[in-house]
Amino acid sequence: MDRRMYLKIKSEKSKSSDNCEVHGPTPRSVNKALVTLLSAAILLIIWHVWEFGPANGSANGAATSGQKMFPLLLGHEVWDIIFDRYGIIAQTWSILPYFLIGIVLAALIRTYKLAIKLRKAIGRHGFISIFIASLTGIMSPLCACGTLTTAFSLLFAGVPLAPVMALLVTSPIMSPTAFILTLNDLGPQWAAIRVVAAFLMGIFAGVVTYLLRNKGFSDSIFIEGAIVKGDFHDEDYPDARLKCTCSQKFGNRVAAKTGNKLLIFLAKSAEMLWPVGKYVLVGVFIGTIAERYMPYSWMYGLFGQGNKLGIVWITMGSIPIFLHQISVSSILYHVKSSLNGTMSGGAGLAFLIGGPVTAVPTMAMFWSACKKRVFFLYLAVCIVGTIAISYAFQSFVFVPYVDTDNPLLRGVKSLPGGESPVITRTDSNVRMVMDPGGKGIIAVSYDYLDGKGNMVFDSGPGRFRFEAGNPDNERYVENIADWLEAGSPGEDKDILVYDASAGGLGKDIGRYAAILAKKGFHIKITDRKETPRISGGLLERYGELWVFAGSHAPGGAFSADELSAISGFVGEGKGMLVVPAGTGTGAADLSAANAISSRFGVKFSGAVRNRRELPVSTSFYFLNRMAGLFRSVLEITHKA
């Protein structure tokens, strides 16, 4: 026999032996969708460099075509995207611990078959099964396509469509890995909101289907002869026709040779690294591209506070886009970071739940296996449920013009408003915390990759006036101290309060000293009279610097040497608070504060008058308790 013919036959046998006899070859539709998405992003990079040059503005494509070759410009851009301090490698490294924790949780669920045990209970409890199925979908480590296969097997076994529809809608939105990554990317309150929203989506889908059970959604919902095959290769598969112990999955091969739960757990963890990890990488890549290239007007038009139809546009626009539950929180983080103001919570939630639940591969499997009325029912409950739940959360949970789950606002229900200067950002590291009516009044800046300390900019000195019995002001001041200390390289809890104002705000801060002392902070208050100049020698003894700057105070303006010392202090990773505390809001009144803040991408200007008290956080007890529990999980993860 010819050697080439022999190798060809051997290769075909090897290839066929790798395929599961029950499930057939591994589905390629998901990978094709990912490749299409990545290809579109790469074409966007090429087009942008060709038309405008590199995104950092170092060159213009049209102006430099005679000086620099296009391939060099493109190579420089790709290098920046990958290796920049905000590039793909840096972003991936920052979320790696949370990704691994999510893998561990998912592997534990699969090793001990917890999701399968819950699925067996779905068909035994009538209407209550809708709630059980929604909970099961949240706990399931499977993605949309894997859940679809499992759900169809339950239907083959006689389980009603209503609880199965709840499972199908819930599982693509949330999983253990998606939960951990949301916790890291967006914070504990966002993680709690996403869990509750996923659960409500499942209940909505299940109840609607239950009410329509006598309208052609009970029997004969499948196309004749259709059996959906997927990647849930398990001997405990709910449908006997799709059970298997094939060697396609590494975990199955290990389980066939040993009953050691630890080894099976490690195998289950290992086999999930790439299937889940690829979505993390895609999410980081797409998020980086969106933040780098998407016009700001588009981003704000969809995700900003001013567009009342943003939820509808995002829900409808996400249908043809393959947004995986693992990727979507990272993409939303980048979108949120690119805005000059706060993000609309409802629009962000629509993106988190609407994108994953209408994934194209899942829709394609529905179209090919089910009668069309079932496909359109699924599509309708996904779209209507996403829009309804997002608007409900927008109205009753999210506070407009407030950065949801910002650490400065935790446990704070309201803060003083009144008249104050307006904050504008000139650096991408700056994030708005509160901007009522689109006018910034509180902002933060942090750059962990560059080693700078955390910074807080608050345009309202009234928020630091001591009011006996006002727990919100006390909590806000505590949060500032905690957050600035958390970004420092050491555990220095000594705070220097430098009062260069005309209003004597330092005395008010002194009244908070006893409250901060309970958390281990020590405050030293000084002013221009006692300490005429800020120097490096003065600052080296402290971990935080709180500056209340007012140009009309005696010696209020800061010298170049003082500004250099302050910049060096922040450059060492230490935290700083800047508050303009002059007698007015004119340029002269704000010049001292701007001399400091402008070095870090913040400018105080003009004036805005807000109502006396500004709402800050939701009053929903259940959500706040959930967020508190998840925050503890995040703190443990950070320490680990």
Legend entry - NZ-CG distance between Lys336 and Asp403, expressed to the nearest 0.5 angstrom: 4.0 Å
Legend entry - Min side-chain heavy-atom separation Met174-Val195 under 4.5 Å: yes
Inset, instruction - Compare all side-chain heavy atoms of Ile383 with those of Thr315 and state whether any distance is below 4.5 angstrom. - result: yes
Legend entry - Enclosure of Arg599 CZ (heavy-atom neighbours >12, cutoff 6.0 Å): yes
Inset, instruction - Apply side chain to side chain contact (heavy atoms under 4.5 Å, CB included) to the pair Val169 and Phe204, showing each step before the final yes or no. - result: CA-CA 9 Å; Val169 169; Phe204 173 78; over 6 Å; no
Inset, instruction - Quick one: closest heavy-atom pair of Gly462 and Pro416, and the distance? - result: O-CG, 4.1 Å
Inset, instruction - Classify the angle between the aromatic ring planes of Tyr498 and Phe558 as parallel (below 30°), tilted (30 to 60°) or perpendicular (above 60°). - result: tilted
Legend entry - Check against side chain to side chain contact (heavy atoms under 4.5 Å, CB included), Leu545 and Lys574: CA-CA 8 Å; Leu545 172 64; Lys574 298 180 178 181; over 6 Å; no
Legend entry - From Trp483 atom CH2 to Arg410 atom CZ, the distance as rounded to the nearest 0.5 Å: 11.0 Å
Legend entry - Exceeds 12 heavy-atom contacts within 6.0 angstrom, atom NZ of Lys519: yes
Legend entry - Side-chain donor-acceptor contact under 3.5 Å, Asn340 with Arg425: yes
Legend entry - side chain to side chain contact (heavy atoms under 4.5 Å, CB included) between Ile515 and Val477, worked out: CA-CA 9 Å; Ile515 299 169; Val477 171; over 6 Å; no
Legend entry - Between CG on residue Asp405 and CG on residue Leu186, distance to nearest 0.5 Å: 8.5 Å
Inset, instruction - Measure the spacing between CD of Glu562 and CG of Leu539 and express it to the nearest 0.5 Å. - result: 9.5 Å
Legend entry - Within-4.5 Å side-chain heavy-atom neighbours: Thr170 and Phe199: no
Inset, instruction - Count the heavy atoms belonging to other residues, nucleotides or ligands that lie under 6.0 Å from NZ of Lys439, then report whether that count exceeds 12. - result: no
Legend entry - Rounded distance (nearest 0.5 Å) linking atom CD1 of Ile331 with atom CZ of Phe285: 11.0 Å
Legend entry - Exercise: identify the closest heavy-atom pair between Tyr476 and Val412: N-CG2, 3.9 Å
Inset, instruction - State the CG-OG distance between Asp435 and Ser459, to the nearest 0.5 angstrom. - result: 11.0 Å
Legend entry - Pairwise side-chain contact, Phe600 with Val430, heavy-atom cut-off 4.5 Å (strictly under): no
Inset, instruction - Can you see which heavy atom on Arg194 is nearest to which on Pro356, and at what distance? - result: NH2-CG, 4.5 Å
Inset, instruction - Return the orientation label for the Phe548 and Phe464 ring planes: parallel under 30°, perpendicular over 60°, tilted otherwise. - result: perpendicular
Inset, instruction - State, yes or no, whether a side-chain contact exists between Val422 and Phe604 at a heavy-atom distance under 4.5 Å. - result: no
Inset, instruction - Evaluate the side-chain proximity of Glu478 to Leu516: yes if any heavy-atom separation is below 4.5 Å, no if none is. - result: yes
Inset, instruction - Heavy atoms only: give me the nearest Glu544-Phe521 pair and the separation to one decimal. - result: OE2-CE2, 3.6 Å
Legend entry - Ser337 and Arg431, any side-chain heavy atoms less than 4.5 Å apart: yes
Inset, instruction - Report yes if the side chains of Ser344 and Asn307 come closer than 4.5 Å at any heavy-atom pair, otherwise no. - result: no
Legend entry - Among Ile311, Ile314, Val335, the one residue meeting side chain to side chain contact (heavy atoms under 4.5 Å, CB included) with Leu302: Ile314
Inset, instruction - For residues Ile353 and Ala197, report the shortest heavy-atom separation together with the two atoms involved. - result: CG2-CB, 4.3 Å
Legend entry - Step-by-step side chain to side chain contact (heavy atoms under 4.5 Å, CB included) determination, Met201 to Ile389: CA-CA 8 Å; Met201 276 287 289; Ile389 289 174; 3.4 Å; yes
Inset, instruction - Return the orientation label for the Phe303 and Phe351 ring planes: parallel under 30°, perpendicular over 60°, tilted otherwise. - result: perpendicular
Inset, instruction - Verify salt bridge (Lys or Arg N to Asp or Glu O under 4.0 Å) between Asp458 and Arg463, making sure each step is shown before the conclusion. - result: CA-CA 9 Å; Asp458 191 326; Arg463 284 181 279 278; 2.7 Å; yes
